[in-house]
There are 2 protein chains.
Amino acid sequence: MSHFNPKTHRKFTIRAMKRSLETIEYQKNTEALAKFAKALGHPTRIAILKHLKNQSCCFTGDLVDVFPLAQSTVSQHLKELKNAGLIQGELKSPKIKYCINHDNWKIAKALFQDFF
Amino acid sequence: MSHFNPKTHRKFTIRAMKRSLETIEYQKNTEALAKFAKALGHPTRIAILKHLKNQSCCFTGDLVDVFPLAQSTVSQHLKELKNAGLIQGELKSPKIKYCINHDNWKIAKALFQDFF
DNA sequence: AAAACCTATCGTCTATTGGCGATAAACAAA
DNA sequence: TTTGTTTATCGCCAATAGACGATAGGTTTT
């Protein structure tokens with residue numbers, strides 16, 4: 001190194017620079033738990049799930065009336081919960097009935113119980 | 001309405017447009033639960049917490065060796081866990097020792113148990 | 001005093017999230 | 001067939017998240 005500024009120069013001999021393009025390998029269940037947690041990481045989605053637990057099931061429109069949110073926003077949250085596997089939708093024409101996905105709910109519950 | 005396109009016109013008489021600038025009021029504990037869940041919503045942070053549970057405590061540098069991430073990235077994740085209250089740091093010169101925040105851990109555990 | 005070590009923070013970049021209105025699509029009802 | 005109802009999706013925008021390198025700042029160690 002012919003040109004280095006002694007004021008800013010640091011030695012990083014021990015810890016080489018990292019770049020995580022190597023896509024980290026996580027422990028068993030870590031990614032699954034994080035995925036569930038991420039879906040739960042918004043108060044509206046928690047509230048939707050609490051609502052679903054009380055009512056056992058409900059329609060999208062019910063939720064739109066409960067929350068001061070646009071219909072498209074509620075639909076988006078439902079989509080995320082569905083993608084995470086926490087709920088499932090069933091066409092009950094002309095509406096769609098959303099319920100807790102009990103199989104995955106048990107899995108999530110077990111993952112959190114095991115974690116804490 | 002003198003000028004409306006019949007092809008695109010829809011009536012939205014029943015469900016008025018919403019704008020959530022009114023900052024939603026959530027049920028008790030809903031926001032707290034969502035905040036914890038959000039902090040848990042990344043596999044690296046789950047892995048850090050698992051590590052902390054095994055080791056009971058550890059230093060930032062230990063984690064940087066474990067994960068293929070830059071030191072600044074690990075530090076950022078630790079900051080988020082600290083902001084969520086799940087961990088706490090103690091200056092153990094020249095290092096910083098991070099531990100689970102057991103008080104808040106219990107609170108989080110109870111919130112999730114109650115939720116599931 | 002200087003060099004080395006450890007961690008936090010800053011600035012930057014890109015990707016994702018969360019909100020909205022408008023529109024599409026599917027179906028029921030008239 | 002047309003109209004209405006219900007939900008999902010698209011496009012847009014602002015804000016946040018997640019990664020990085022560089023640097024600052026504090027403490028040892030030499």
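These numbers were taken from a predicted model, which means no experiment stands behind them. Proteins come first, then strands; the chains are lettered A, B, ... in the order of their sequence lines, and each starts at number 1.
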inquiry  = How many whole angstroms separate atom CD of A/Gln71 from atom C1' of D/dA8?
reply    = 7 Å
ask   = A/Lys38 side chain N/O closer than 4.0 Å to the phosphate oxygens (OP1, OP2) of C/dT16?
value = no
ask   = Considering heavy-atom distances to DNA chain C, does B/Lys97 or A/Ser72 have its closest nucleotide positioned more toward the 5' end?
value = B/Lys97
inquiry  = I'd like to check B/Thr44 versus B/Leu69 (side-chain heavy atoms, cut-off strictly below 4.5 Å). Are they in contact?
reply    = yes
request  = Would you kindly give the NZ-to-C1' distance between A/Lys95 and D/dA8, to the nearest whole Å?
outcome  = 16 Å
ask   = Among residues 76-86 of chain B, which contact DNA chain D at a heavy-atom distance under 4.0 Å?
value = B/His77, B/Glu80
task = Name all residues meeting the ring pair (Phe, Tyr, Trp, His ring centres under 6.0 Å) criterion together with B/Phe112; count only those two or more places apart in sequence or in a different chain, and write none if there are none.
result = A/Phe112, A/Phe116
query = Between B/His42 and C/dT17, is there a side-chain N or O to OP1/OP2 distance below 4.0 Å?
reply = no
Minimum-distance nucleotide to B/Leu69 side chain [options: D/dA8, D/dA19, C/dC6] = D/dA19
What's touching nucleotides 28-30 of chain D from the protein side, N or O pairs under 3.5 Å?
from, atom 1, to, atom 2, distance (Å)
D/dT28, OP1, B/Ser93, OG, 3.0

task = Before accepting this row, confirm whether a basic side-chain N of the pair A/Lys82/A/Glu80 lies closer than 4.0 Å to the acidic partner's carboxylate O.
result = no
ask   = Which one, D/dA8, C/dG19, D/dA19, comes nearest to the side chain of A/Ile96?
value = D/dA8
inquiry  = I'd like to check A/Ser72 versus A/Gln76 (side-chain heavy atoms, cut-off strictly below 4.5 Å). Are they in contact?
reply    = no
remark   = Closest to the side chain of A/Tyr98, out of D/dA8, C/dT7, D/dT7, is D/dA8
note = Result for 5'-nearest mapping on DNA chain D, choosing between B/Thr73 and A/Ser75, is A/Ser75
